[in-house]
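Lettering follows sequence order; numbering is per chain, from 1.
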Number of protein chains: 2
Amino acid sequence: MKFSKATNYALHTMLFLAAFPPNKLIGVQQLAERQEVSPTYLSKILTKLVKAGMIESTSGANGGYRLKRNWEEISFLDVIHAIEGSASLFDCEMNHGSECLVQKVMVSAEEKMEDFLKNQKLSEIAKKMTVVL
Amino acid sequence: MKFSKATNYALHTMLFLAAFPPNKLIGVQQLAERQEVSPTYLSKILTKLVKAGMIESTSGANGGYRLKRNWEEISFLDVIHAIEGSASLFDCEMNHGSECLVQKVMVSAEEKMEDFLKNQKLSEIAKKMTVVL
DNA sequence: TCAATTATGGACTTTATGTGCCCATAATAA
DNA sequence: TTATTATGGGCACATAAAGTCCATAATTGA
Ligand code: SF4
Ligand code: SF4
């Protein structure tokens, strides 16, 4: 029960892009160096963010990634869900009726965390960070 | 990023014990059957609960497990921590100063969930459950 | 048009963790 | 003493995370 490193990389990349000249492209090489992660691995993560509609990519020389227009509204939760998926943290195979209290408690707990993360916008946090990374 | 099955087993065992004649011992065999899990595996989990001071065990014929006296105060969070440990869900190896905002946000989010789980007492939930398991 | 650069995607290996089993040992009751 | 039950170490298996490699596509610039 831990957040994956991939989520960490994704969050940091998004925050870095938020504090980067907008519309300017930056390649996976430089993003990877900054986080001390292999470019090939980070590449997979970035592709997920692209598919989630948070960033856009451009191939070819001088290509790279940049935030999409709606980025100011993206929350921590959005990034986490893009990487880890949106399935419940507590998945019980059995199905003892819809009034199962255990699941209810666990799902409610998870929602408490998600409600908070939903309100943590990347733009707000990036603004407050003095040094990025 | 999922709660382990072990946590699921632990929670269900505790809830079952809460709705069981107090001071009466029940063996791992019967507990395991009820949850459709191997006794040997459940045994390890129960030992963790013993070490966490939530239940007590008795060896020998007619031995088994039962709740300890203080059990009414035990929360979901206590059980989860006993099984999964209490380390932060978001552990960043790097240490970019104590004012790291990313960690702050993630830890705060986790605390939201924990605050909720801390207030879910086993005794309360067990009382509300019509049928146990 | 050609070569260099960059992202994408598939397949793979490695590593870590969770899940589960087996057996030896200790403790207790009959 | 024997049967029963928990404990603990070690091992095996399954699953997922983390990371690598390479082929392909898209774009730029010469
Ligand atoms: S009671 Fe709920 S959580 Fe427990 S096994 Fe049944 S469905 Fe799953
Ligand atoms: S900024 Fe915080 S979360 Fe990010 S790498 Fe540094 S210590 Fe870790």
Set out, in order, the CA-CA distance, both residues' side-chain angles and the distance that settles side chain to side chain contact (heavy atoms under 4.5 Å, CB included) for A/Met113 and A/Leu89, then state yes or no. CA-CA 11 Å; A/Met113 180 167 66; A/Leu89 297 185; 3.9 Å; yes
Report which part of the nucleic acid B/Ser4 touches: base, sugar-phosphate, or nothing (heavy-atom distance under 4.0 Å, all strands). sugar-phosphate
Any side-chain heavy atom of B/Arg34 within less than 4.5 Å of one from B/His12? no
Using a 4.0 Å heavy-atom cut-off across all strands, classify A/Lys48 as base, sugar-phosphate, or nothing. nothing
Rounding to an integer number of Å, can you tell me how far A/Ile45 CD1 sits from D/dA16 P? 18 Å
Among residues at least two apart in sequence or on other chains, which ones pass side-chain contact (heavy atoms from CB on, under 4.5 Å) with B/Ser38? B/Thr40, B/Tyr41
What is the first contacted nucleotide of DNA chain C and what is the last, in 5' to 3' order, if contact means an atom lying under 4.0 angstrom from a heavy atom of chain A? C/dT5 to C/dA11
Heavy atoms under 4.0 Å, any strand shown: does A/Phe3 hit a base, just sugar-phosphate, or nothing? nothing
5' priority, DNA chain D, between A/Ser38 and B/Ile26 [closest heavy atom]: B/Ile26
Among residues two or more places apart or on two chains, list those pairs meeting salt bridge (charged side-chain N to carboxylate O under 4.0 Å, His left out) that have a residue in residues 77-93 of chain B. none
Kindly state each residue pair satisfying side-chain hydrogen bond (donor to acceptor under 3.5 Å, both in side chains) with at least one member in residues 15-31 of chain B, sequence neighbours excluded. none
Rounded to whole angstroms, how far apart are OH on A/Tyr41 and P on D/dA16? 14 Å
Of all of residues 52-65 of chain A, which get a heavy atom below 4.0 angstrom from DNA chain C, listed by number? A/Ser57, A/Thr58, A/Ser59, A/Gly60, A/Ala61, A/Asn62, A/Gly63, A/Gly64, A/Tyr65
Between atom CG in A/Asp91 and atom P in D/dA16, what is the gap in whole Å? 10 Å
Could you give me the CA-CA distance, side-chain angles and deciding distance for A/Phe76 and A/Leu11, then say whether side chain to side chain contact (heavy atoms under 4.5 Å, CB included) is met? CA-CA 7 Å; A/Phe76 269 52; A/Leu11 284 172; 3.9 Å; yes
Got a sec, which pairs hit salt bridge (charged side-chain N to carboxylate O under 4.0 Å, His left out) with one end in residues 45-65 of chain A, sequence neighbours left out? A/Glu56-A/Arg66, A/Glu56-A/Arg69
Neighbours of DNA chain C within residues 74-90 of chain B, by heavy-atom distance under 4.0 Å: none
Sorted by chain and residue number, the ring pair (Phe, Tyr, Trp, His ring centres under 6.0 Å) partners of B/Phe20 (sequence neighbours excluded) come out as B/Phe16
Taken to the nearest whole Å, CG/B/Leu42 to P/D/dG8 is 15 Å
Got a sec, which residues hit side-chain contact (heavy atoms from CB on, under 4.5 Å) with B/Glu72, two or more places apart in sequence or on another chain? B/Ser123
Here's a test of your reading of the structure: between B/Met1 and B/Val28, which maps to the more 5' nucleotide of DNA chain D? B/Val28
Mind checking B/Ser43 for me? I need base, sugar-phosphate or nothing, with any heavy atom below 4.0 Å counting as a touch. base
Non-neighbouring partners of B/Ser108 that pass side chain to side chain donor-acceptor pair (under 3.5 Å), sequence neighbours left out: none
Please name all residues satisfying side chain to side chain donor-acceptor pair (under 3.5 Å) with B/Asp115, sequence neighbours left out, ordered by chain then number. B/Lys118
Interatomic distance, CG@B/Leu46 vs CD1@B/Ile55, rounded to 0.5 Å, equals 5.0 Å
Under 4.0 Å, heavy atoms only, any strand: does A/Lys2 hit a base, just the sugar-phosphate, or nothing? nothing
Verify the distance criterion only: is there a donor paired with an acceptor across the side chains of A/His96 and A/Gln103 at less than 3.5 Å? no
Produce a footprint string for nucleotides 10-15 of chain D: one letter per nucleotide, 5' end first; B if the base is under 4.0 Å from any protein heavy atom, S if only the sugar-phosphate is, - if neither. B-----
Once you round it to whole Å, what is the distance between C1' of D/dG19 and CG of A/Leu46? 15 Å
Run A/Val79 and A/Thr7 through side chain to side chain contact (heavy atoms under 4.5 Å, CB included) and show every step you take. CA-CA 8 Å; A/Val79 178; A/Thr7 294; 5.7 Å; no
